[in-house]
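One structure is given here, and the rest of the page talks about it.
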Amino acid sequence: MAVTMDFSDRQDFVDANRGLIAATPDLVVKAENGKTVWDMQVYRNFLKEEAPDTVNPSLWRQALLNSKTGLYEVVDGIYQVRGFDLTTMSVIRGKTGWIIIDPLTMTEVSQAALELVNRELGERPVSAVIYTHSHPDHFGGVKGVISQQDVDSGKTRVIAPAHFMEHVASEMALAGNAMSRRAQYMHGVLLPRGPRQQVDNGLGKGVAIGTFTLIEPTEYITHTDQSMDIDGVRFEFQLTPEAEADTEIMMYLPQFKALMGAENLNAAMHNILTPRGAKVRDPLNWSKSLDETLALFGDRIEVVFTSHYWPRWGKENVKNYIAKQRDMLKYLHDQTLRLINQGYKMDEIAERVKLPESLGSEWFNRGYYGNVTHNVKGVYQRYMGFWSGNPANLHPLPPHELGTQYVDAFGGSKVILEKTREAYGRGDYRWAATLLNHLVMAEPENTEARMLQADIFEQLGYQTENGPWRNIYLSGALELRNGIDTSNSPTTASPDLLRALSIEQIFDILAVRLNGPKADGVQLAIEWQFTDPNKRYAMTLEHSVLRHRAVTGDVEADLAITLDRNALNRLLVQPGSLAAQVDGGAIQLSGDPKTLAKLFSLLDSFSADFNVVTPAKGVIEPVNIAEG
């Protein structure tokens with residue numbers, strides 16, 4: 001890698017340092033209780049110019065660039081606070097106050113960022129907040145810069161793309177627990193910081209661990225070409241649905257000749273299928289959005305700044321940047337489909353597709369966050385699903401059973417350990433990891449196998465150019481050696497997010513939590529009568545399925561519950577509060593009150609500390625093919 005890329009090209013370092021107003025290299029942000037929310041000083045202690053043997057030199061270069069922290073001027077009137085979170089907070093000087101774009105993930109870091117802005121540029125109120133899209137690192141810190149009262153009073157506008165709240169809820173609700181656990185791996189949340197551990201995330205340094213919030217937008221961008229005057233600054237919006245996010249906006253500011261590219265533009269290849277889990281993104285539509293950006297604004301842009309990384313200046317430089325990110329996405333899409341239609345399987349395609357030199361040699365197209373292999377598989381999954389088409393893979397055994405069979409076929413654990421050590425000795429780490437995984441899945445308490453697999457994962461992590469892949473490998477090694485400790489992991493669970501969910505979405509979540517086997521044979525019916533909002537729902541449990549339906553007429557139910565939305569929120573957070581809410585009059589019951597207790601007794605609780613590198617707790621028996 002060190003001789004493949006042109007490390008003498010220092011333009012990114014020039015751009016990352018340009019416009020520095022105040023550097024904060026020793027930045028440490030703490031919560032009110034003294035807990036560290038964000039620490040950049042720890043990186044400063046080991047991030048030196050020369051890459052160590054334990055980090056891919058290309059990823060090390062990205063880690064150096066992402067370690068720039070402080071307040072920067074993009075152009076006069078547009079500023080960025082970088083290095084305070086995974087995300088960059090952009091600040092625009094309006095006629096009366098600050099217009100903030102993407103107020104980071106947690107309130108503590110966004111508050112610290114705004115304090116830096118006010119200290120260096122003069123204190124001003126926040127006149128508007130703009131969320132570029134529906135991912136939590138772009139809105140979760142909002143209450144660090146404004147309050148709900150600011151919005152309710154009309155002091156501050158909150159602007160977002162159409163369907164923002166809908167996608168926030170859907171992205172983080174039904175599979176939120178599993179996504180949170182996988183995000184611990186992807187972001188290296190549980191890893192120490194250092195040259196043998198977490199050094200960078202590719203998209204930024206990492207994720208802050210603090211207080212997550214949300215304020216509902218007051219205005220929405222519903223279509224491209226929509227313009228808006230925000231505190232004396234003219235914005236021309238481009239709506240880009242189904243690109244980097246389900247809903248997202250880019251914006252051109254004509255008085256500054258500046259494009260705000262949100263997260264559709266990056267200083268790295270992005271994810272088509274993120275390792276934390278999410279719906280597969282549409283690289284074709286994403287590419288078309290960037291082509292539309294060039295058509296709309298290309299000849300007018302003098303500078304582009306984004307939700308991550310550093311800006312880029314100069315009309316031709318900006319157009320080249322946008323065009324090559326556009327073409328990188330379309331190349332991955334088109335070449336994957338070409339090989340699919342030639343009969344190649346997913347893993348075969350992932351080994352064959354490489355970016356052409358004209359695209360792959362650009363630092364901003366390197367696989368620091370997404371990468372070619374994973375993105376190709378994402379495209380394949382989007383069109384073809386998870387199955388390769390080979391009957392041998394149509395109904396594979398689950399991991400524990402498969403591992404047991406492999407160990408037996410190889411002649412026992414000693415043989416597998418011996419062959420794994422041979423592969424490890426010759427540097428064949430991918431095969432070593434695959435082979436030993438069968439033994440770890442068959443015998444999860446085999447300490448010798450776990451420690452060797454941890455060594456293998458470390459070597460794979462040290463080699464990769466991709467920040468999340470490094471974090472995933474090293475997190476797996478940590479879990480194999482030390483077990484699971486998620487006590488210092490960030491969470492996006494919050495009262496604000498609960499309020500953002502519709503009643504229908506909350507009922508969908510309850511249905512996901514229903515333990516089907518325990519509910520077998522149980523029948524019950526509940527009528528939910530909401531006073532605020534004025535809605536009624538019939539909920540039924542039958543055939544081990546929990547269903548709900550909005551109703552207007554009479555309902556036959558075992559129990560009728562009358563309440564408002566706030567009472568429902570309290571009940572979900574603390575089911576034991578039912579009696580107190582009934583006694584206090586917040587909830588009225590008519591019928592058999594044991595019905596609700598019965599329902600809650602059938603709901604599973606989720607915890608983000610499940611096994612990743614060993615079998616799930618409670619070995620899953622293989623399904624009989626005749627019953628499958």
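Checked against the 6.0 Å centroid criterion, the rings of His548 and Trp528 do not qualify as a close aromatic pair.
One distance of note links CD1 of Ile526 with OG1 of Thr595; it measures 6.0 Å at 0.5 Å rounding. Summarising the geometry, atom NZ belonging to Lys594 is positioned 14.5 Å from atom CG belonging to Leu524; distances are rounded to the nearest 0.5 Å. Here CE of Met441 is found 10.0 Å from CG of Leu402. Values are rounded to the nearest 0.5 Å.
Side-chain contact check for Phe235 versus Met260: every heavy-atom pair is 4.5 Å or farther apart. The side-chain heavy atoms of Val91 and Gln80, taken from C-beta on, include no pair separated by under 4.5 Å. Asp282 is listed as a side-chain neighbour of Arg382, based on a closest heavy-atom distance under 4.5 Å. Here the side chains of Asn471 and Leu191 are in contact, with some heavy-atom distance below 4.5 Å. Between Val612 and Arg181 the shortest side-chain heavy-atom distance falls below 4.5 Å. Put simply, the side chain of Met539 reaches to within 4.5 Å of the side chain of Leu599, judged on heavy atoms. In this structure, the side chains of Gln41 and Arg193 stay at 4.5 Å or more apart for every pair of heavy atoms.
Heavy atoms from other residues, nucleotides or ligands lying under 6.0 Å from NZ of Lys518 number more than 12. Remark: Arg547 CZ is packed, more than 12 non-hydrogen atoms of other residues, nucleotides or ligands lying under 6.0 Å away. For CD of Glu219, the number of neighbouring non-hydrogen atoms (other residues, nucleotides, ligands) closer than 6.0 Å is greater than 12. For Asp583, the CG atom is densely surrounded, since the number of other residues' heavy atoms within 6.0 Å is greater than 12.
A donor-acceptor pair is defined here as one N or O able to donate and one able to accept, closer than 3.5 Å; such a pair exists between the side chain of Asp39 and the backbone of Val42. A distance-only check finds no donor-acceptor pair linking the side chain of Asn515 to the backbone of Leu602 [under 3.5 Å]. Thr224 places a side-chain N or O within donor-acceptor distance of the main-chain N or O of Leu239, the cut-off being under 3.5 Å. Checking side-chain atoms of Asp558 against main-chain N and O of Ala525 turns up a donor-acceptor pair under 3.5 Å. Of the possible polar contacts, none joining the Thr306 side chain to the Asn266 backbone as a donor-acceptor pair under 3.5 Å is found. Remark: the backbone N or O of Gln574 is paired with a side-chain donor or acceptor of Ser577 at under 3.5 angstrom. Arg124 contributes a side-chain N or O that, together with a main-chain N or O of Gly94, makes up a donor-acceptor pair within less than 3.5 Å. No donor-acceptor pair under 3.5 Å is formed between the side chain of Gln197 and the backbone N or O of Gly188. Panel note: side chain Thr132, backbone Ala262; no donor-acceptor pair is recorded below 3.5 Å. In this structure, Ser544 contributes its side chain and Asp520 its backbone to a donor-acceptor pair below 3.5 Å.
Under the 4.0 Å criterion applied to side-chain N and carboxylate O atoms, Arg281 and Glu263 are not assigned as salt-bridge partners. The pair Asp496-Lys143 meets the salt-bridge criterion, since a charged nitrogen lies less than 4.0 angstrom from a carboxylate oxygen.
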Practice problem: May I have the step-by-step check of side chain to side chain contact (heavy atoms under 4.5 Å, CB included) for Lys35 and Glu108, ending in yes or no? | Solution: CA-CA 11 Å; Lys35 180 180 178 181; Glu108 293 85 353; over 6 Å; no
Exercise. Verify side chain to side chain contact (heavy atoms under 4.5 Å, CB included) between Ile249 and Ile130, making sure each step is shown before the conclusion.
Key: CA-CA 10 Å; Ile249 47 174; Ile130 301 175; 4.0 Å; yes
Self-check item: ring-ring contact (aromatic ring centres under 6.0 Å, His included) between Phe139 and Phe212, intermediate numbers included
Solution: CA-CA 9 Å; Phe139 63 81; Phe212 182 81; 5.5 Å; yes
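For the 3.5 Å distance criterion, the side chains of Thr87 and Ser307 fail to qualify, holding no donor opposite an acceptor. Donor-acceptor pairing under 3.5 Å is lacking for the side chains of Asn566 and Arg570.
Judged as a ring pair (Phe, Tyr, Trp, His ring centres under 6.0 Å), not a single pair has a partner in residues 555-614 (not counting sequence neighbours).
Nearest heavy-atom pair, Gly591 versus Pro593, reported as atom, atom and distance to 0.1 Å: O-CD, 3.1 Å.
Aromatic ring pairs are classed by plane angle as parallel below 30°, tilted from 30° to 60° and perpendicular above 60°; the pair His133 and His135 is perpendicular. Using bins of under 30°, 30° to 60° and over 60° for the plane-to-plane angle, the ring pair Tyr369/His270 lands in the perpendicular bin.
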